[in-house]
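The structure under discussion appears below in the form of structure tokens.
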Amino acid sequence: TYLFVYDLMQFCGHSWIFTNMIIRFMSFGKDSLADTFYSIGLVMRLCQLLSVLEILHILAGIDKSRLFPRFLQITERIIVLFVVINSQEEVQGKYIVCVLFFLWNLLDVIRYTYNMLARTGIYYPPLTWLNFSLCILLYPLSVLAKAFAICVSLPYFESLGTYSIKLPFPFAFSIYFPYVLKVYLLVLFIGMYFIIQNLFSERKAHLATGNVKKK
């Protein structure tokens, strides 16, 4: 019951975001893209913070998903959303933010719909196929979008010095945050390899035999 309520809350949040983005685009066209973060950013941040509970679900044993891939997926979003986008107002108005949010919410609406039905023992084959197949295509695109968002943010981190730290003498130690982000870009693509491997193994486990299993 708890997991069903959790999935329902996430479904409602991501469905609201996804519907809001589509309606705004149909109403205002390209003008709606620039203020995507301002219109849905709060709900997006709440949903992503709530997703941290999924790590605790796996650690507690009530969710049988693999910990490492799920941890990578959640931390990637947290870092890009809160550290990169939320901290730089200039980045928030970029079109890449709209693209990134669209990919995230499309994946999550499908995933939480499937999870909710699975909690009640209902398995709809087309939805199951979509859940375990679409993510293999869209996840690499979301990684590219995250990488592009980081690249767009680098000039602002360089000029403003956000998160860069320079300790006074006698430590003579400094952290230049744009370098940290450049290293993280490499980590992002390495992590993509492990996550895609896990996505393929999940798809095989749920679809290869024609039987739908519960996550």
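Only this structure's heavy atoms are used, side chains among them; waters, hydrogens and symmetry mates stay out. For clarity, every value in this text was computed on a predicted model and none was experimentally measured.
- With Ser32 contributing its side chain and Gly29 its backbone, the two residues share a donor-acceptor pair below 3.5 Å.
- Tracing side-chain contacts under 4.5 Å through hydrophobic residues (I, L, V, M, F, W, Y), one reaches Ile62 starting from Val52; they form part of the same cluster.
- Linking ILVMFWY residues whenever their side-chain heavy atoms come closer than 4.5 Å, directly or via other members, leaves Leu181 and Tyr176 in distinct clusters.
- In this structure, Asp63 and Arg70 have side chains that are not in contact, with every pair of non-hydrogen atoms separated by 4.5 Å or more.
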Run the side-chain hydrogen bond (donor to acceptor under 3.5 Å, both in side chains) check on Tyr139 and Gln73 step by step: do they pass?
CA-CA 10 Å; Tyr139 177 72; Gln73 287 178 294; 5.6 Å; no
Chi angles and distances behind the side-chain hydrogen bond (donor to acceptor under 3.5 Å, both in side chains) call for Arg45, Gln48:
CA-CA 5 Å; Arg45 281 173 283 179; Gln48 295 309 314; over 6 Å; no
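- With respect to the salt-bridge test (charged N to carboxylate O, under 4.0 angstrom), the residues Glu54 and Arg111 qualify.
- Linking ILVMFWY residues whenever their side-chain heavy atoms come closer than 4.5 Å, directly or via other members, leaves Val43 and Tyr38 in distinct clusters.
- The shortest non-hydrogen separation linking Val180 to Ile175 is CG2-CG2, 3.9 Å.
- Distance alone, capped at 3.5 Å, is enough to place a donor-acceptor pair between the Thr120 side chain and the Leu117 backbone.
- Inter-residue side-chain proximity for Leu81 and Phe37 is flagged as met; some heavy-atom pair is nearer than 4.5 Å.
- In this structure, Asn105 contributes its side chain and Phe101 its backbone to a donor-acceptor pair below 3.5 Å.
- The cluster map of Ile, Leu, Val, Met, Phe, Trp and Tyr, joined by side-chain heavy atoms under 4.5 Å apart, puts Ile78 and Leu56 in the same cluster.
- In terms of modelled atom types and a separation under 3.5 Å, the side chain of Ser27 and the main chain of Arg24 share no donor-acceptor contact.
- Around the OH atom of Tyr193, the shell of radius 6.0 Å holds no more than 12 heavy atoms that belong to other residues, nucleotides or ligands.
- Between Tyr184 and Leu188, some side-chain heavy-atom pair lies under the 4.5 Å cut-off.
- Contact of the Tyr6 side chain with the Arg119 side chain is not registered, since no non-hydrogen atoms from C-beta on lie closer than 4.5 Å.
- Linking ILVMFWY residues whenever their side-chain heavy atoms come closer than 4.5 Å, directly or via other members, places Leu144 and Leu186 in the same cluster.
- Residues Tyr114 and Tyr123 meet the side-chain proximity criterion, which asks for heavy atoms closer than 4.5 Å.
- The aromatic rings of Phe177 and Phe157 are tilted relative to each other, their planes meeting at an angle between 30° and 60°.
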